Amino acid sequence: MQASTEARIESLLADLSDPQREAVTHTEGPLLILAGPGSGKTRVVTRRAAHLARTVTEPHHILAITFTNKAAREMQERVEMLDVGRGMTVSTFHAWCARLLRRYHQRAGVPPNFTIFDRQDRRKLLEEAIVSSELSTSNWPPRVVDSVISRAKNDMRTAGDFADGSADWERRTIARIYLAYEDLLTRRGGLDFDDLLMRVAMLLSKDSDLRAELEDRYRYVLVDEYQDTNAAQYLIARELTRRNKNLCATGDPDQSIYGWRGANIRNILSFEQDHPGAKVIRLEQNYRSTKRILAAADALIAGNVNRKIKTLWTQNEEGATVDVVELESGEEEAERVAGEIARQIRDGTRAGDVAVFYRINSLSRVIEEALIREGIAYQVARGVEFYNRKEIKDVLAYLRILINPADDTAMLRVINTPPRGIGPTTVQRLAQRARAGGRSIFELLRSGDDLSDVGRSAGKVGQFVELLGELAPALELGAREALEQVISRSGLRALYRGADGADSTPDANLDELISAASRFQQASPDATILDWLEHTALLSDVDTVRSEGGLVTLMTLHAAKGLEFPVVFVIGLEEGIIPFRRHEENEVDEEEERRLLFVGMTRAQKRLTLSHARYRMLRGRTDRTVRSPFLDELPRDQIEWSGAPAPSPRPSGTVEFRELPEDIAEWSAGTLVRHPLHGLGQILSLQRGSKWTLVDVEFQSGSRKTMAVEFAKLERVEFDEVG
DNA sequence: AATATTCCCGTTTTT
DNA sequence: CGGGAATATT
């Protein structure tokens with residue numbers, strides 16, 4: 001018995017490098033694993049969990065928090081393969097928080113049946129809040145207010161303390177909107193994404209009884225992608241491990257790409273100060289990429305000033321050069337990428353091994369079209385889009401209103417969908433009366449109050465309430481039956497059964513929704529409809545990416561984090577796209593953009609191609625582009641340039657200035673000069689700026705160039721020397 | 001109430 | 001360019 005346990009532990013460590021083994025066998029106290037790309041982090045983390053479960057604790061005392069559901073699922077699977085998975089909690093921050101809030105709803109002060117408001121719901125509510133604050137959405141763009149409030153919540157600032165101490169009028173106005181928004185949200189029994197985190201963080205800091213209970217349950221906590229945690233997540237991790245100190249954080253500061261949504265890279269950088277006695281282990285050997293790919297990525301990230309130096313190395317083969325390709329247009333770029341993929345597939349590459357990454361979603365379209373022309377099957381990581389479709393949201397709204405009668409947002413969506421003769425006037429009256437009575441619309445409707453003054457549609461309203469009453473018991477059924485009942489009896493099925501047959505997708509989507517629900521239930525038989533609803537609300541784009549099935553995968557650079565593919569294309573390497581720049585908003589975090597490209601490049605195992613187009617059509621306009629400055633930071637000896645000249649050789653790091661020529665005083669328009677590359681030319685004009693001396697030169701080749709004398713290797717030539 | 005039409009918007013990344 | 005909202009039309 002004893003011997004076999006030891007053997008099993010030994011097998012957990014057998015094929016690990018020294019630092020990996022050290023990380024796996026660390027048990028007590030804070031641990032930071034700084035894991036470079038492809039350094040076997042997942043393997044270390046799963047082995048460590050298994051090791052803990054075999055040596056010092058039980059699986060159900062372990063909590064592992066990941067960034068996406070996909071990562072959670074994969075980790076769960078891998079831990080189960082090591083035969084210790086049962087009982088271990090593996091979840092995303094958001095999903096875990098949602099579950100906790102339901103379980104401890106009373107202590108958290110939230111309704112047990114709260115609904116999670118998605119981005120659209122939230123936007124709508126915000127618009128309402130703006131209007132009800134007697135402001136206009138044109139002066140206070142919901143988009144902007146939204147991100148400010150979201151940021152505030154991520155930073156743990158409630159509506160109450162958001163404007164505290166600030167004399168800034170704009171800020172105080174947003175605080176008013178924030179307050180109104182919170183009020184609406186509360187009334188509707190809703191929580192938004194950020195609330196899930198903020199509420200739990202607040203709960204854990206205040207409620208020491210609960211904390212003790214959780215600390216007892218979760219004795220070992222692991223937080224993955226720690227570099228992307230925001231203040232709320234940081235607090236949750238800290239509070240959970242206050243007593244036991246067993247926080248294991250894994251991540252890589254060079255892969256921090258969510259600063260824009262409140263992630264604080266400082267969380268990982270100051271882990272050692274925050275957690276005295278922390279052990280730090282660096283995993284720097286890369287098992288994923290070729291030497292050339294790694295060298296290129298490493299050179300790029302070296303351009304960041306604010307970073308902890310890491311030495312990435314690999315024993316993998318040298319591999320092919322990294323390709324940088326310039327094309328004329330986005331269309332040609334897409335054709336080139338699709339053509340190249342087709343060629344590689346003919347040569348034996350599996351389509352599922354290929355991925356195309358882009359900075360902005362709108363770039364996927366051309367690629368998709370080109371892939372279709374080539375007859376290559378692909379998938380786009382855009383799973384959330386499915387749940388944003390009208391017909392899907394309709395169904396979900398029915399479920400929402402049945403689960404949470406306070407959810408007016410859902411009510412307004414379904415009350416006349418499908419059309420049942422309850423027009424805008426009636427709805428408005430109902431909403432008004434509900435508000436006056438401090439109730440939701442559904443609560444008013446089923447209260448039995450006399451609604452005859454509502455008008456002619458009172459009867460229709462009665463029928464609708466009856467319908468909802470009939471549907472309610474369906475929630476107790478299995479997912480499939482429940483959904484089928486709701487869809488058919490609500491009339492949604494009939495509504496979307498394209499009478500003309502022209503467009504049957506909505507109808508098919510309803511079926512797909514039913515299968516998704518029953519798949520979910522199959523995977524977790526104890527789950528309720530509420531659980532499923534929650535699951536759909538917390539789905540991310542990558543979560544829907546299938547690894548089987550042999551499809552080329554298209555996704556944003558953000559979604560690519562944590563994944564790997566043998567063959568990777570990154571498209572749109574143009575100034576303004578990578579690095580992304582938004583007009584009139586100059587606050588671009590160039591270092592974060594560089595990290596983002598770094599993440600993309602380091603996903604590649606064997607082949608990496610970076611491309612850019614000379615002209616790019618965006619939002620209907622075709623513009624001349626400038627290739628991304630990041631391309632010029634790549635080491636020339638690892639790169640194969642095609643379609644465009646390689647950048648002129650430049651000493652690595654800083655730009656070298658030349659002394660001005662001694663005879664510069666004699667230079668003027670008309671002076672003949674020689675340039676090592678362009679040959680003989682004549683100065684057309686010369687101007688001495690405060691910084692540089694600029695000359696316009698016309699060369700014999702006919703080309704005209706403006707160059708700085710401090711840079712250009714120009715030398716003056718006498719007339720008679722030329723003859 | 002349903003459909004047709006226009007217009008106007010924004011336009012990064014996402015749990 | 002394309003989606004969604006507001007507006008016009010029947």
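The sequence lines fix the lettering, A, B, ..., with proteins before strands; numbering per chain opens at 1. Note that this is a predicted model, so its numbers are computed, not measured.
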* Asked: Are A:Glu182 and A:Lys153 within salt-bridge range, i.e. N to O under 4.0 Å?
  -> yes

* Identify whether any heavy atom of A:Asn69 sits under 4.0 Å from a base atom; if not, whether one sits that close to sugar-phosphate; answer base, sugar-phosphate or nothing. => nothing

* Just wondering, more than 12 heavy atoms not from A:Arg621 lying within 6.0 Å of its CZ? -> no

* For DNA chain B, determine which residues of residues 139-150 of chain A have any heavy atom closer than 4.0 angstrom to one of its atoms, and list them numerically. => A:Arg143

* Asked: Got a second to check how far A:Leu573's CG is from A:Arg359's CZ, nearest 0.5 Å?
  -> 11.5 Å

* **Nucleotide nearest A:Lys124 (side chain, heavy atoms from C-beta), chosen from C:dA5, B:dT15, B:dT11** => C:dA5

* Ignoring the backbone of A:Arg365, work out which of C:dA5, B:dT14, C:dG2 is nearest its side chain. => C:dG2

* Asked: Is it the case that A:Glu74 and A:Gln76 place a side-chain donor and acceptor less than 3.5 Å from each other?
  -> no

* In terms of side-chain heavy atoms of A:Arg261, which of B:dT15, B:dT11, B:dT13 is nearest? -> B:dT15

Enumerate all atom pairs, one protein N or O and one N or O from nucleotides 2-4 of chain B, separated by less than 3.5 Å.
none

* Using salt bridge (Lys or Arg N to Asp or Glu O under 4.0 Å) as the criterion, list what pairs up with A:Arg373, not counting sequence neighbours. => A:Glu335

* Under 4.0 angstrom, heavy atoms only, what part of the nucleic acid is A:Phe93 near: base, sugar-phosphate, or nothing? -> nothing

* Asked: Which distance, rounded to the nearest 0.5 Å, do you find between the OG1 of A:Thr241 and the CG of A:Leu214?
  -> 12.0 Å

* Please say whether the positively charged group of A:Arg400, taken as NZ for Lys or CZ for Arg, lies over the ring of A:Phe117, i.e. under 6.0 angstrom from the six-membered ring centre and within 45 degrees of the axis. => yes

* Contact nearer the 5' end of DNA chain B, comparing A:Phe580 with A:Phe67 -> A:Phe580

* Specify whether A:Tyr218 and A:Trp96 have parallel, tilted or perpendicular ring planes, treating 30° as the upper limit for parallel and 60° as the lower limit for perpendicular. => perpendicular

